[in-house]
Structures are given as C-alpha cells and as structure tokens.
Amino acid sequence: MTNEIRAIFDRIAPVYDQLNDWLSLGQHRIWKEMAIKWTGAKPGDTCLDLCCGSGDLALRLARRVGSTGQVYGVDFSANLLETAKQRAQSQYPQPNISWVEANVLDLPFEDNQFDAATMGYGLRNVTDIPRSLQELHRVLKPNTKAAILDFHRPNNQQFRTFQQWYLDSIVVPLADRLGVKEEYAYISPSLDRFPIGKEQVEIARQVGFTSATHYPIANGMMGVLIISK
Ligand SMILES: C/C(=C\Cc1cc(O)c2ccccc2c1O)CCC[C@H](C)CCC[C@H](C)CCCC(C)C
Ligand SMILES: C[S@@+](CC[C@H](N)C(=O)[O-])C[C@H]1O[C@@H](n2cnc3c(N)ncnc32)[C@H](O)[C@@H]1O
C-alpha cells in the first residue's frame, strides 16, 4: 500500500502544482496560508512540513520564519521532492529549507525538536493515521502547535453534492486529459475512508495532544485540524 501511494504521487508530480491551481481556482493557497498562520510559527523558528510534496507549505513556512529560521520538508515521493528543490532554488533569497526523503511514519528526527509543524493533504494518504500523529507529537516541542489541512466531507447536503460532482465531473475529466485519471479518481474514495473532523480530534487526543480542534473551511469541503502538544 505504501508503495502504491508513493507511486501515485511520483506519477502526478509533473502536473501536480498546475492542477491544484486550476482545480481550486487558486484557493488552495489561501487555505495553506490559513493553516500556517494557525501554527503560530514566527521568525527564527525551526518548523516541520510533513508530506511536503512539491513544497508549497514548506516554502510559505520558510518565508514566515525568515533568514534566522529553518524549515524541514519531509516526503517519500522523490519526484515531488525534486520539484520542491527546484522551486526553492529558483527563489531569491534562497529559503532555509532542508528536503528530507523519508516516511512520515518513522521520522528521522530527535524528540522535541520543532517549534511548529504543518501537514497539507498528507494525513488522508498515510497508511496509519494514529502512528503519523504519534510521530508528529514526538518531534514537536512542548507548548507548540501543528496544523493539518485536508479535504473534508461537508455536513451540508448541498455542499456535499457539489463536492462530489466537482470531483467526479471536473477534477477527474481534467486529470484524464493530462493522463492522470486514475490518480485523481483516488481522491474521492480516500476521502470516504478519512475520519471526519471530530474523529480526527479524538485520535489526536488519544496519541497525547493536549488540545485538538477541527475547523471546517471552504464550506466544509476542506478542514484544518489544529493540535497542541
Ligand atoms: C491542494 C489540493 C489537493 C491536493 C491533492 C491531494 C490528494 O490527496 C491528491 C491525491 C491524488 C491526486 C491528487 C491529489 C491532490 O492534488 C486541493 C485543491 C485541488 C483539488 C483537486 C480541488 C478540489 C476542489 C474542491 C472539491 C472544491 C473546490 C471548489 C472551488 C472551486 C474552490
Ligand atoms: C496530496 S500531496 C500534498 C503535498 C503538499 N503538502 C501540498 O499540500 O500540496 C500528499 C503527499 O504526501 C506524501 N506522502 C503520503 N504518505 C506519506 C508517507 N507515509 N511518508 C512521506 N510522505 C508521504 C506523498 O508523497 C505526497 O507528496
């Protein structure tokens, strides 16, 4: 399963950023900025971006922590990490980001190392959600926060119907034109399996986070889980 997930993301790497911009009408950038703001990351901090993919959140975090801070972006897709590295190299001044190819279920970091963390569209894709939150808990310093952004199923039936229609009738056909139909068709079933907000809160509390709150955004089609150690 892990290898299948990695293969999906390696295959979509060439079109990933473009499709996210088109399909969310640029909104994903706003959702990511909200997530970063909610971590409380500040200049000089050492931050972690789990499942960093092509580096969107890591690059934004690096802007926030500035030249005295440091960001670590972790992902197991070599192709998406390559895109992330190229994006960072094209920026001036060069952001302080270390790109780490690793499995987020087994993080190559010491305990209590990070001042803040993000995870964008990663939690739904890991094979063991409690384990990934446990690892995140282990590497965060006490009294710090993480923000976990992902898709969510809206409570409102009209938005739910719209979300399903958009995924089936806009996202998958457009992805098909770029040769990645099966990869994008995976989003909907992965969302059906994904714990809803209050279940995410429960898992976070069980692994030891002192507080956990899930905020629906984009009319409940997305959500941000804020967890404090
Ligand atoms: C950045 C976004 C999604 C990342 C993403 C996550 C996954 O798990 C994938 C799995 C397999 C293939 C691709 C991905 C993937 O790209 C969020 C925005 C992109 C979405 C494809 C757009 C979805 C839009 C909402 C359902 C409705 C938005 C309504 C309005 C147009 C804002
Ligand atoms: C949808 S992408 C999100 C990328 C980026 N965070 C963003 O918001 O655009 C999900 C990422 O999670 C990564 N991923 C999934 N499971 C992982 C795991 N167990 N360890 C490391 N990376 C993982 C994939 O390789 C992929 O890059």
Side-chain angles (χ1 to χ4, degrees), residues 1-33 35-36 48-61 72-84 87 99-108 117-129 131-133 135-136 147-154 159-176 178 180-191 193-194 217-224:
M1 186 63 177
T2 300
N3 284 341
E4 284 163 34
I5 304 284
R6 193 198 340 244
I8 287 177
F9 289 106
D10 272 335
R11 283 197 300 269
I12 65 175
V15 296
Y16 182 77
D17 287 316
Q18 195 178 30
L19 274 180
N20 283 341
D21 277 340
W22 287 353
L23 291 167
S24 73
L25 308 179
Q27 297 295 298
H28 74 104
R29 299 165 188 216
I30 298 168
W31 306 330
K32 286 171 178 170
E33 281 299 335
I36 286 179
L48 176 64
D49 180 30
L50 294 174
C51 296
C52 66
S54 61
D56 234 17
L57 277 157
L59 289 161
R60 288 166 199 280
L61 269 173
Y72 291 81
V74 180
D75 204 285
F76 65 14
S77 161
N79 292 356
L80 278 170
L81 272 183
E82 190 49 41
T83 306
R87 288 176 77 187
W99 303 106
V100 181
E101 191 175 331
N103 192 325
V104 299
L105 302 180
D106 191 11
L107 289 172
T118 52
M119 188 185 211
Y121 301 96
L123 196 66
R124 187 172 30 83
N125 293 302
V126 298
T127 51
D128 186 341
I129 290 175
R131 166 90 195 168
S132 72
L133 293 182
E135 273 296 84
L136 176 55
I148 298 180
L149 166 67
D150 217 311
F151 282 89
H152 192 258
R153 288 291 191 197
F159 286 119
R160 215 182 161 96
T161 304
F162 171 77
Q163 185 191 48
Q164 193 61 49
W165 170 80
Y166 196 85
L167 287 172
D168 293 342
S169 307
I170 305 291
V171 172
V172 174
L174 186 60
D176 190 15
L178 298 179
V180 284
K181 179 183 179 181
E182 297 311 320
E183 289 76 2
Y184 278 79
Y186 152 86
I187 295 178
S188 181
S190 73
L191 181 51
R193 291 191 294 270
F194 192 43
I217 59 174
N219 297 305
M221 291 186 287
M222 302 286 160
V224 183

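Heads up: numbering here begins at 1 and tracks the sequence. Only this structure's heavy atoms are used, side chains among them; waters, hydrogens and symmetry mates stay out. When a ligand or atom number is given, it counts from 1 through the structure's own listing order.
Considering only non-hydrogen protein atoms, atom 19 (N) of ligand 2 sits nearest to N103 OD1, 2.8 Å. Here the heavy atom of the protein found nearest to atom 20 (N) of ligand 2 is V104 N, 2.9 Å. Closest to atom 2 (S) of ligand 2, if we only count protein heavy atoms, is Y16 OH, 3.4 Å. With hydrogens left out, the protein atom closest to atom 22 (N) of ligand 2 is F76 N, 3.2 Å, a heavy atom. Here the heavy atom of the protein found nearest to atom 10 (C) of ligand 2 is Y121 O, 3.2 Å.
Between K32 and ligand 2, at least one N/O pair is under 3.5 Å apart. Residue S54 has no nitrogen or oxygen atom sitting less than 3.5 Å from a nitrogen or oxygen atom of ligand 2, judged on distance alone. Here's the thing with C51: one of its N/O atoms is less than 3.5 angstrom from an N/O atom of ligand 2.
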For ligand 1, what N or O to protein N or O distances fall under 3.5 Å?
residue  : atom   : partner : partner atom : Å
ligand 1 : 8 (O)  : R124    : NH1          : 3.0
ligand 1 : 8 (O)  : R124    : NH2          : 2.7
ligand 1 : 8 (O)  : N125    : ND2          : 3.2
ligand 1 : 16 (O) : N20     : OD1          : 2.9

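For ligand 2, the atoms closer than 4.0 angstrom to any heavy atom of G53 are 4 (C), 27 (O). For ligand 2, the atoms lying closer than 4.0 Å to a non-hydrogen atom of D75 are 11 (C), 12 (O), 13 (C), 21 (C), 22 (N), 24 (C), 25 (O), 26 (C), 27 (O). Annotation for ligand 2: atoms under 4.0 Å from non-hydrogen atoms of G120 are 3 (C), 4 (C), 5 (C), 6 (N), 7 (C), 8 (O). Each of the following atoms of ligand 2 lies closer than 4.0 Å to a heavy atom of S77: 25 (O).
Applying side chain to side chain contact (heavy atoms under 4.5 Å, CB included) to T2 and the options D128, L105, V126, T127 leaves one that passes, T127. With respect to Y121, the ring-ring contact (aromatic ring centres under 6.0 Å, His included) criterion is satisfied by exactly one of Y16, F151, F194: F151. Remark: of the listed residues L107, I148, L57, L107 is the sole one forming a side chain to side chain contact (heavy atoms under 4.5 Å, CB included) with L50. Exactly one of R131, M119, E135 qualifies for a side chain to side chain contact (heavy atoms under 4.5 Å, CB included) with V104. That residue is M119.
Counting heavy atoms closer than 4.0 Å to ligand 2, residue C52 contributes backbone atoms (N, CA, C, O) but none from C-beta onward. Counting heavy atoms closer than 4.0 Å to ligand 2, residue A102 contributes backbone atoms (N, CA, C, O) but none from C-beta onward. Under 4.0 Å from ligand 2, the heavy atoms of F9 that appear belong solely to its side chain. Contacts between L80 and ligand 2 below 4.0 angstrom, taking non-hydrogen atoms only, involve the side chain exclusively.
Counting heavy atoms from C-beta outward, C51 and L123 have side chains that stay 4.5 Å or more apart. Considering only heavy atoms from C-beta on, L23 stays 4.5 Å or farther from H28 through its side chain.
Partners of F162 by ring pair (Phe, Tyr, Trp, His ring centres under 6.0 Å), not counting sequence neighbours, listed by chain and number: W165, Y166.
No donor-acceptor pair closer than 3.5 Å links the side chain of N79 to the backbone N or O of A13.
Note on D21 versus R29: salt bridge recorded, some NZ/NE/NH1/NH2 to OD/OE distance being below 4.0 Å.
Of all the heavy atoms in G223 and I217, the pair that sits closest is N-CG1, 4.0 Å.
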